[in-house]
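The structure displayed is predicted, hence computed values, not measured ones. Count residues from 1 along the sequence.
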Amino acid sequence: MEQFETEIYLRYKQIIESQSASTPLRTLVIPGSDRESPLEAALPRSVSLPEPPRVHMADLLDRYDAFCFDGYGTLYNRVSFVYPGAMDWFQMLRRAGKHLRLVTNAASDVDNVLARDADKRGFDFSTEETISSGSLLRELAERLRRGERADGNATAGIVNGCAGGTAAKPLGLREVYYIGRETGRHVLEACGITAVAMDAEPAEPIVAISSAKDTPETFARAVKILQRPGAILLVLNSDAWAPKIPDENGVTVREPVSGALSERLRRASMCEANGGVGCETYYLGKPFPQIWERVKASLPADSRVLMIGDTLGTDVFGAKVAGFDSALVVGRNVPATELEADEAALGIRPDYYLEP
């Protein structure tokens, strides 16, 4: 795992912990690590976790009522690529009548389109079974328009030490400077937001990010906007790194994505005009609490839930935030050779390693 990636996911953990101080998570110490997770280091007692068992989906079938899947990197990737074993998992669970959810940080389009895209690959998630980070923007936008700023528990993770629903001047939030896929504009439009031209600036200093498709010019303009007093950065996809489609030799290359670009922008926004603090930053999606509240509301009460994903910092830690068990698919966003070091660096370990 890249050092920058580690820093981003540790920051996510610290944000969540600061918003959940009344119910701190249990301290984790991964064997081989000489320190506790920064998220939980203040707790009086640590718990050493043994290495998770390596299991197949059939081993888990009777243990859970609901199965949540990450999309990209877990079930499929760009174009029509489907990972080996993924369709077998999905069909087995459908036949068993399990509750299924696609819980994705993709903010490249609205949920019904994301569901259709998954269906084209053979995963027939309905719109109701699809919960994306982009779908959380509407609630956040409504809060900001009411002047409810810095309420991370109810909306998203917020930096600058803000928490607790402080009142502020209501925002119009009718336009933003947007860096992301063209189809991601549909997510903004569904919330009554327009993306201004790439050589323009919005009336209010607000930047929205859903991918890392920036250029030196768009990055510089976004920084200029975010250095204005009262600037806001909306991170529609919190993933820091993501795997590309494996090459013909089965080798997977990973690349920085939306969360990495957003952190670069957040750091660059710190300037004299805003007291060196930087822009106010809102994160949508995994691992932050709001998306898990949406998942829970969609499932029968008291469901036994398993989250299956490829990323420690979003899928596995997010499951812990939700109170769900987790299964990590190794070798995609977490290379097998880096697994032990990554778990130690983040203080995160899944309940299972899921084999194809």
Side-chain angles (χ1 to χ4, degrees), residues 1-19 37-39 72-73 105-108 133-134 136-137 140 150 152 155-163 176-181 184 205-228 231-243 254-271 274-291 311-318 321 333-334 342 345-348:
M1 183 164 53
E2 301 289 338
Q3 178 59 34
F4 188 41
E5 182 181 7
T6 303
E7 292 172 4
I8 292 170
Y9 288 137
L10 286 177
R11 180 175 184 80
Y12 290 175
K13 292 181 68 177
Q14 291 165 350
I15 291 170
I16 293 170
E17 175 66 6
S18 71
Q19 296 168 355
S37 152
L39 169 68
Y72 290 100
N105 277 355
S108 56
S133 59
L136 308 175
L137 179 60
L140 174 58
T155 55
I158 302 178
V159 302
N160 301 346
C162 301
V176 300
Y177 190 77
Y178 171 70
I179 298 177
R181 296 181 180 278
I206 305 173
V207 174
I209 306 295
S210 72
S211 79
K213 303 300 179 183
D214 64 311
T215 66
E217 294 75 21
T218 58
F219 184 87
R221 186 167 294 275
V223 170
K224 179 183 177 184
I225 295 168
L226 292 173
Q227 287 183 340
R228 289 165 55 185
I232 289 177
L233 175 60
L234 303 176
V235 185
L236 307 185
N237 179 340
S238 297
D239 287 347
W241 250 255
R254 302 168 63 251
E255 62 182 352
V257 288
S258 176
L261 171 59
S262 299
E263 180 62 9
R264 288 171 53 218
L265 288 169
R266 186 192 69 81
R267 295 184 183 188
S269 75
M270 298 177 183
C271 66
N274 53 43
V277 176
C279 60
E280 206 168 81
T281 306
Y282 292 76
Y283 299 96
L284 296 177
K286 300 171 292 186
F288 296 95
Q290 186 195 16
I291 195 166
T311 305
L312 289 167
T314 55
D315 301 317
V316 174
F317 180 65
V321 171
N333 215 10
V334 182
D342 289 355
L346 296 178
I348 297 171

Shortest non-hydrogen contact from F317 to P287? CD2-CB, 3.8 Å
Nearest 0.5 Å, what's the CG-OH distance between L136 and Y282? 14.5 Å
Interatomic distance, CG@D342 vs CG@L312, rounded to 0.5 Å, equals 6.5 Å
Would you confirm whether S133, through its side chain, and N105, through its main-chain N or O, come within 3.5 Å as a donor-acceptor pair? yes
Can you list everything that forms a side-chain hydrogen bond (donor to acceptor under 3.5 Å, both in side chains) with S238? Sequence neighbours excluded, please. none
Counting C-beta onward and ignoring hydrogens, is there a side-chain heavy-atom pair between N333 and T314 closer than 4.5 Å? no
The ring-ring contact (aromatic ring centres under 6.0 Å, His included) partners of Y9 (sequence neighbours excluded) come to Y12
For a quick test of reading the model, state the closest non-hydrogen atom pair linking S269 to G278 and the distance between them. OG-CA, 3.3 Å
Per the salt bridge (charged side-chain N to carboxylate O under 4.0 Å, His left out) rule, what does the pair list look like for residues 212-223, sequence neighbours excluded? E201-R221, D214-R264
Y177 side chain reached by K224 side chain, heavy atoms, under 4.5 Å: no
N237: partners by side-chain hydrogen bond (donor to acceptor under 3.5 Å, both in side chains), with sequence neighbours left out: none
Not counting sequence neighbours, which residues clear side chain to side chain contact (heavy atoms under 4.5 Å, CB included) with V223? List them please. F219, Q227, L265, A268
Nearest 0.5 Å, please: how far is CG in L234 from CD in E280? 10.0 Å
Within-4.5 Å side-chain heavy-atom neighbours: S262 and L233: yes
Of all the heavy-atom pairs spanning I179 and A222, show the shortest one and how long it is. CD1-CB, 4.2 Å
Rounding to 0.5 Å, atoms OG (S258) and CD1 (I209) come to a distance of 6.5 Å
Let me confirm one number: the CD1-CG distance from I232 to L140, rounded to the nearest 0.5 Å. 8.0 Å
Taking side-chain hydrogen bond (donor to acceptor under 3.5 Å, both in side chains) as the test, write out the residues that go with S211, two or more places apart. none
If you apply the rule side-chain contact (heavy atoms from CB on, under 4.5 Å), what do you find for M270 with R266, and how did you get there? CA-CA 7 Å; M270 298 177 183; R266 186 192 69 81; 3.2 Å; yes
Taking side chain as C-beta onward, heavy atoms only, is I348 less than 4.5 Å from K13? yes
When rounded to the nearest 0.5 angstrom, what distance separates CD1 in I15 from CZ in F288? 4.5 Å
Using side-chain hydrogen bond (donor to acceptor under 3.5 Å, both in side chains) as the criterion, list what pairs up with E5, not counting sequence neighbours. R254
Can you name the side chain to side chain contact (heavy atoms under 4.5 Å, CB included) partners of A231, sequence neighbours left out? P205, L226, C279
Please identify each residue that fulfils side chain to side chain contact (heavy atoms under 4.5 Å, CB included) with S210, with sequence neighbours left out. A107, Y178, L236
What residues, two or more places apart in sequence or in another chain, satisfy side chain to side chain contact (heavy atoms under 4.5 Å, CB included) together with Q3? E7
Just jot down the salt bridge (charged side-chain N to carboxylate O under 4.0 Å, His left out) partners of D239, sequence neighbours excluded, or say none. none
For residues M1 and L346, determine if any side-chain heavy atom of one lies less than 4.5 Å from a side-chain heavy atom of the other. yes
